[in-house]
Amino acid sequence: DMFVLAKLEQIIRPSYKKEDFVLGKKLGEGAFGTVYKASLVKSKSGKSDSELVVKKANQYGAVEVWMNERVRRACSSSCADFIDGFRESKRKGKGDEFWLVWRYEGDATLDDLMKDKDFPYNVEQMIYGRVDELPKGPERENRIIRTIMRQIMSSLKNLHAIGIVHRDIKPQNIIFSQDAKSFKIIDLGAAADLRVGINYVPNEFLLDPRYAAPEQYIMSTQTPSAPPPPVAAALSPVLWQMNVPDRFDVYSAGLIFLQMVFPNLRTDGSLIQFNRQLKRCDYNMVKWRQSTEARNNPDFRRGFELLDRDEGVGWELLQAMIRFKGRQRISAKQALDHPFFIRDGLLGLTFLQ
Ligand code: ADP
Ligand code: MG
């Protein structure tokens, strides 16, 4: 049925080719390909005002096309709107190239927004459509961060529910959708589809070490090497055997939560240092907190104050996300039922009464 649906879609949906697009500004360049802002050539669409994003990927782009098509059918609101993916043959001997096309969701990734020293207040208008009357302070910051976290965790929950593990969750891969007025996940280039065993990461260095959970090496070094494209799909016994591969993403999302709460952990250097310190604390967040508080660094005080609000529900959730053993980490679905998020719902009701 899924197969028939895919076939039907192929027939019904317009299929594009590279001549249909005008490429604009380069938005990014990764290990798998290059990303451009783009638009459709005028003659075909009648108007050329629609903004698009095109990724020109190497042969492994086939996997990314697969992931995007699954997401489009099964949980489209969680990720950037995928329009089409197609193969283009390059010059002789150069192999194939895959083009992926999405709707242009907006100018800002969570990374861009977090680099602004006004964060999280710079996000308030974008997500609520208005600015809070509360004075600036932990309560207001907590509310904004909680909304962002809820959006990230519910997208993750949806991806995990269809058996997709993203494996590259980081602020650069979370985009603010102007239309949806919420954050969406992008970049399924390193994702694994657990249902059919499609999983391809050429080597562990392609997983971002800043946001990777400690089990990164277990996953990648034992992953079979890539079969010949265009299949580019490997049955991964490792992923099948792993009890809770989805918790890899939860760890990464926990690090994003941490960076939102602690402004002094937002730079690459400080995150790398945090990772080193946490490892030294045997991945025990309580130990890390003790050593941090012992050093009496005022930069951390504000963040702990925020996490300790409402009987420490934030601190509790953060600890549940950042744990060494995947099995002991909270799932995205469970996280959404955590008091950190529930409390917000209750406050919302009180507000309505
Ligand atoms: P890679 O990280 O492999 O280069 P991404 O898919 O993450 O590729 O895209 C690179 C950058 O392009 C993103 O960080 C983001 O800034 C921008 N981008 C990607 N997809 C979209 C989209 N749908 N709308 C707007 N910007 C996007
Ligand atoms: Mg990316």
Side-chain angles (χ1 to χ4, degrees), residues 16 21-40 49-72 75-86 97-116 119 122-123 126 148 151-152 155-156 159 164-192 200-212 232 248-249 252-253 255-256 259 266 268 271:
Y16 292 102
F21 301 96
V22 186
L23 299 189
K25 190 181 155 215
K26 193 193 274 191
L27 298 173
E29 191 153 24
F32 294 104
T34 312
V35 181
Y36 303 88
K37 196 165 178 180
S39 59
L40 274 176
D49 54 351
S50 66
E51 289 185 306
L52 304 169
V53 169
V54 165
K55 184 184 271 188
K56 287 205 263 176
N58 62 18
Q59 67 264 38
Y60 306 118
V63 175
E64 198 173 344
V65 173
W66 167 276
M67 299 296 166
N68 276 279
E69 290 193 332
R70 270 214 70 196
V71 166
R72 178 171 63 197
C75 61
S76 57
S77 62
S78 304
C79 297
D81 280 357
F82 183 60
I83 295 171
D84 199 15
F86 51 90
E97 190 176 71
F98 285 86
W99 284 48
L100 295 97
V101 186
W102 295 268
R103 214 161 53 88
Y104 186 82
E105 297 280 0
D107 296 329
T109 64
L110 183 57
D111 184 57
D112 300 322
L113 294 162
M114 278 167 62
K115 277 184 177 139
D116 186 333
F119 183 87
N122 59 341
V123 179
M126 301 165 73
I148 301 171
Q151 294 176 357
I152 296 172
S155 294
L156 273 185
L159 280 183
I164 291 180
V165 184
H166 187 282
R167 293 199 291 185
D168 199 14
I169 293 296
K170 56 184 175 185
Q172 291 91 332
N173 285 340
I174 294 170
I175 190 119
F176 185 77
S177 168
Q178 216 79 53
D179 278 6
K181 301 212 174 339
S182 75
F183 286 94
K184 291 182 173 185
I185 291 172
I186 56 172
D187 199 352
L188 297 163
Y200 180 69
V201 172
N203 65 58
E204 73 233 44
F205 302 108
L206 285 178
L207 291 178
D208 195 316
R210 294 168 303 171
Y211 293 91
F248 189 85
D249 290 342
S252 309
L255 292 184
I256 298 178
Q259 287 188 299
R266 288 183 198 153
D268 284 351
L271 181 60

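Counting starts at 1 for both ligands and their atoms, in listed order.
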Visitor: Examine the proximity of ligand 1 to Asp107 and report which part, side chain or backbone, both or neither, has a heavy atom under 4.0 Å away.
Guide: neither
Visitor: What protein heavy atom sits nearest atom 13 (C) of ligand 1, and how far away is it?
Guide: Ile186 CD1, 3.6 Å
Visitor: Is there a heavy atom in Lys184 that sits closer than 4.0 Å to ligand 1?
Guide: no
Visitor: Parallel under 30°, tilted from 30 to 60°, perpendicular over 60°: which one fits the rings of Phe176 and Phe183?
Guide: perpendicular
Visitor: Only heavy atoms count here, so choose which of Val101, Thr109, Asp112 is nearest to atom 15 (C) of ligand 1.
Guide: Thr109
Visitor: In this structure, does ligand 1 have an atom that sits under 4.0 Å from one of the heavy atoms of Gly106?
Guide: yes
Visitor: Which protein non-hydrogen atom lies closest to atom 24 (N) of ligand 1, naming both residue and atom, and how far is it?
Guide: Glu105 N, 2.9 Å
Visitor: Return the residue, atom name and 0.1 Å-rounded distance of the protein heavy atom closest to atom 11 (C) of ligand 1.
Guide: Leu27 O, 4.0 Å
Visitor: At a 4.0 Å threshold, what atoms of ligand 1 neighbour a non-hydrogen atom of Arg103?
Guide: 22 (C), 23 (N), 24 (N)
Visitor: Return the residue, atom name and 0.1 Å-rounded distance of the protein heavy atom closest to atom 27 (C) of ligand 1.
Guide: Ile175 CD1, 3.7 Å
Visitor: Distance-only, no hydrogens or angles: does the Asp187 side chain make a donor-acceptor pair with backbone N or O of Asn173 under 3.5 Å?
Guide: no
Visitor: Under a 4.0 Å heavy-atom limit, does Gln172 contact ligand 1 with its side chain, its backbone, both, or neither?
Guide: backbone
Visitor: Note the single closest protein heavy atom to atom 22 (C) of ligand 1, along with its residue, its atom name and the distance in Å.
Guide: Val53 CG2, 3.5 Å
Visitor: Inspect the surroundings of CH2 in Trp66 and state if more than 12 heavy atoms from other residues, nucleotides or ligands are less than 6.0 Å away.
Guide: no
Visitor: State, yes or no, whether a side-chain contact exists between Ile152 and Leu110 at a heavy-atom distance under 4.5 Å.
Guide: yes
Visitor: Would you mind listing which atoms of ligand 1 come within a distance below 4.0 Å of any non-hydrogen atom of Gly30?
Guide: 4 (O)
Visitor: One residue to check: Asn173. Relative to ligand 1, which of side chain, backbone, both or neither has a non-hydrogen atom less than 4.0 Å away?
Guide: side chain
Visitor: Would you say Asp168's side chain and Ala190's backbone share a donor-acceptor pair under 3.5 angstrom?
Guide: no
Visitor: Quick check for you: to the nearest 0.5 Å, what is the distance between Gln172 atom CD and Tyr211 atom OH?
Guide: 5.5 Å
Visitor: Could you identify the single nearest non-hydrogen protein atom to atom 1 (P) of ligand 1 and state the distance to 0.1 Å?
Guide: Asp187 OD2, 3.5 Å
Visitor: With salt bridge (charged side-chain N to carboxylate O under 4.0 Å, His left out) as the test, would you mind laying out the steps for Arg210 and Asp268 before giving the verdict?
Guide: CA-CA 8 Å; Arg210 294 168 303 171; Asp268 284 351; 2.7 Å; yes
Visitor: May I ask you to identify the nearest protein heavy atom to atom 9 (O) of ligand 1, giving residue, atom name and distance to one decimal place in Å?
Guide: Val35 CG2, 3.6 Å
Visitor: Determine whether Glu105 and Ile186 satisfy the following criterion, side-chain contact (heavy atoms from CB on, under 4.5 Å), listing intermediate values before the conclusion.
Guide: CA-CA 10 Å; Glu105 297 280 0; Ile186 56 172; 5.7 Å; no
Visitor: Indicate yes or no for a side-chain donor-acceptor contact from Ser252 to the backbone of Phe248 under 3.5 Å, with no hydrogens or angles considered.
Guide: yes
Visitor: Under 4.0 Å from a heavy atom of Trp102: which atoms of ligand 1 are those, numbered in the order shown and with their elements?
Guide: 23 (N)
Visitor: Kindly indicate whether a cation-pi arrangement holds for Lys37 with Tyr104, taking the cut-offs as under 6.0 Å to the six-membered ring centre and within 45° of the axis.
Guide: yes
Visitor: Can you give me the OD1-the Mg ion (ligand 2)-OD2 angle for Asn173 and Asp187, to 10°?
Guide: 90°
Visitor: How many angstroms lie between SG in Cys75 and CZ in Arg70, if you round to the nearest 0.5 Å?
Guide: 8.0 Å
Visitor: What I'd like to find out is whether the side chain of Thr34 reaches to under 4.5 Å of the side chain of Lys55, using heavy atoms alone.
Guide: no
Visitor: Enumerate the atoms of ligand 1 whose separation from the nearest heavy atom of Ala80 is less than 4.0 angstrom.
Guide: 23 (N)
Visitor: Who's the nearest protein heavy-atom neighbour of atom 6 (O) of ligand 1, and how far?
Guide: Lys55 NZ, 3.2 Å
